[in-house]
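Below is one structure; the comments refer to it alone.
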Amino acid sequence: MKIDRLIGILSILLQKKKTTALELAERFEVSRRTINRDIENLCKAGIPIQTSQGAGGGISIMEGFAMERTLLTSKDMKMILAGLRSLDSVSGSHYYGQLMEKIKPGSSDIVTGSDAILIDLSSWNKDAIAPKVSFIQDAIEERTMLAFDYYAPSGDSHREIEPYYLIFKWSSWYVYGFCLMRQDFRMFKLNRMSGIRCIGRHFEMRSVQTPDLSIGNLYPPEIKVTAIVEARMKWRLIEEFGSDCFTIREDGRLLFSGLYSDEDSLLAWILTFGDQIKLLEPDWVKEKLLHIANKITIMYGDD
């Protein structure tokens, strides 16, 4: 994993006066090209690394440089460890746990067994997701193209992409990359991907900005919804839309008002309430709900 390797390289450089790209490549079981890219990233992060060619040459940190531990407060360290624990929850290995062990020595005043923040990034099917996360992360680092079969509401398809970002959002993992079929950047949900593999081609980095993951950008709200919801479902409205999305009627029921992005998601959302919701508008959604209800009645009536 990249973060583990970068800190490992830095640790070696701080302890040894000089090493070589070949030694680091063998130590971390990656290519010399990857090590050179890691060194470049460490330089960008402000670590003064110098390289020299020829006999006796190699990679080293400029003389006189030392990392000052006091730059990190106790709170800083706790946040770092919380982040590492969260990555370990989905990595499918113990890379980050081992990294935490490297940080802990001499930090007994910082690392305790009662850390206040616990983050678990694993999904319901962790055994299937963890290998995909690790595989895609390696492909991103090596700039290797990915191929996979994708299953979406619009239908099944085969995709080939240049992967750029792994994203955890809405309790799920996604990969963001340039899709050759669409000739544009797209985001794919890992749970819907199967047969993921590298196709043996490297790609040159495109000009890509960090994706805008705001709800308004990805799913523009277009459908105005008004509904009466039973009071016992208040918790759900607050959880999904906040406490300002409804008013309490005289009969104790809740008058909900909000915006939804697409028809299919709206219909699915309403149906999950069962008989605890009555849609007021829009009328065309009410008609579709009646159609679905009639089909369900016929389906089970035949039994």
Side-chain angles (χ1 to χ4, degrees), residues 1-72 76-77 79-81 83-108 110-111 130-146 162-166 175 177 196-205 208:
M1 295 298 180
K2 184 175 182 178
I3 186 173
D4 183 63
R5 192 173 63 247
L6 287 174
I7 295 180
I9 292 173
L10 181 57
S11 177
I12 291 172
L13 292 176
L14 287 170
Q15 295 175 48
K16 296 175 64 175
K17 285 190 175 181
K18 191 173 293 184
T19 187
T20 66
L22 178 60
E23 289 174 348
L24 292 174
E26 292 175 350
R27 171 76 176 270
F28 294 100
E29 298 181 349
V30 295
S31 66
R32 292 180 63 176
R33 178 182 175 184
T34 297
I35 293 297
N36 290 334
R37 192 157 54 236
D38 289 341
I39 296 300
E40 181 180 347
N41 288 331
L42 287 172
C43 290
K44 290 179 180 178
I47 309 298
I49 297 176
Q50 58 185 9
T51 60
S52 54
Q53 305 296 324
I59 304 168
S60 62
I61 292 182
M62 290 180 64
E63 205 170 323
F65 174 80
M67 289 194 70
E68 182 58 59
R69 191 185 145 214
T70 56
L71 292 175
L72 295 176
D76 294 335
M77 287 297 294
M79 294 302 101
I80 290 172
L81 291 172
L84 291 175
R85 275 194 300 271
S86 71
L87 291 171
D88 219 25
S89 69
V90 76
S91 69
S93 65
H94 300 289
Y95 284 123
Y96 300 103
Q98 294 167 1
L99 183 54
M100 283 188 284
E101 291 301 320
K102 293 177 183 178
I103 295 176
K104 285 182 179 180
S107 305
S108 58
I110 294 175
V111 183
K132 291 181 181 179
V133 170
S134 178
F135 191 85
I136 294 172
Q137 188 171 19
D138 289 342
I140 292 173
E141 291 180 22
E142 298 294 334
R143 301 283 182 260
T144 304
M145 294 189 63
L146 294 176
E162 301 169 359
Y164 286 91
Y165 291 98
L166 265 171
V175 58
I196 181 171
R197 58 199 178 277
C198 290
I199 56 178
R201 295 206 309 267
H202 293 276
F203 61 90
E204 295 297 325
M205 282 282 291
V208 53

request  = For residues I9 and T19, determine if any side-chain heavy atom of one lies less than 4.5 Å from a side-chain heavy atom of the other.
outcome  = no

Close side-chain approach of V208 to Y165, heavy-atom, < 4.5 Å = yes

query = Atom CD1 of I59 and atom CD of Q50: how far apart are they, to the nearest 0.5 Å?
reply = 11.0 Å

inquiry  = Looking at every non-hydrogen atom in both residues, tell me the closest pair between G58 and T20 and how far apart they are.
reply    = CA-CG2, 4.4 Å

inquiry  = Tell me every residue that passes side-chain hydrogen bond (donor to acceptor under 3.5 Å, both in side chains) with T34, counting only those two or more places apart in sequence or in another chain.
reply    = S31, E142

note = Separation between OG1 (T144) and CD1 (I136), nearest 0.5 Å, reads 12.5 Å

remark   = Minimal heavy-atom distance between Y164 and E204, with the atoms involved, is OH-O, 3.8 Å

message = Nearest 0.5 angstrom please: H202 NE2 to R33 CZ, how far?
response = 6.0 Å

key: Heavy-atom closest contact (P163 atom, V175 atom, distance)   = CB-CG2, 4.1 Å

key: Within 6.0 angstrom of R27 CZ, more than 12 heavy atoms from elsewhere   = no

key: Distance in Å, L166 CG paired with F135 CZ, rounded so as to fall on 0.5 Å steps   = 12.0 Å

task = Any chance you could measure R32, atom CZ, to E23, atom CD, to the nearest 0.5 Å?
result = 10.5 Å

key: Student check: side-chain heavy atoms of L146 and C198 closer than 4.5 Å   = yes

ask   = Any side-chain heavy-atom pair from E40 and N36 closer than 4.5 angstrom?
value = no

query = OG/S60 to CG/L13 distance, rounded to the nearest 0.5 angstrom?
reply = 7.5 Å

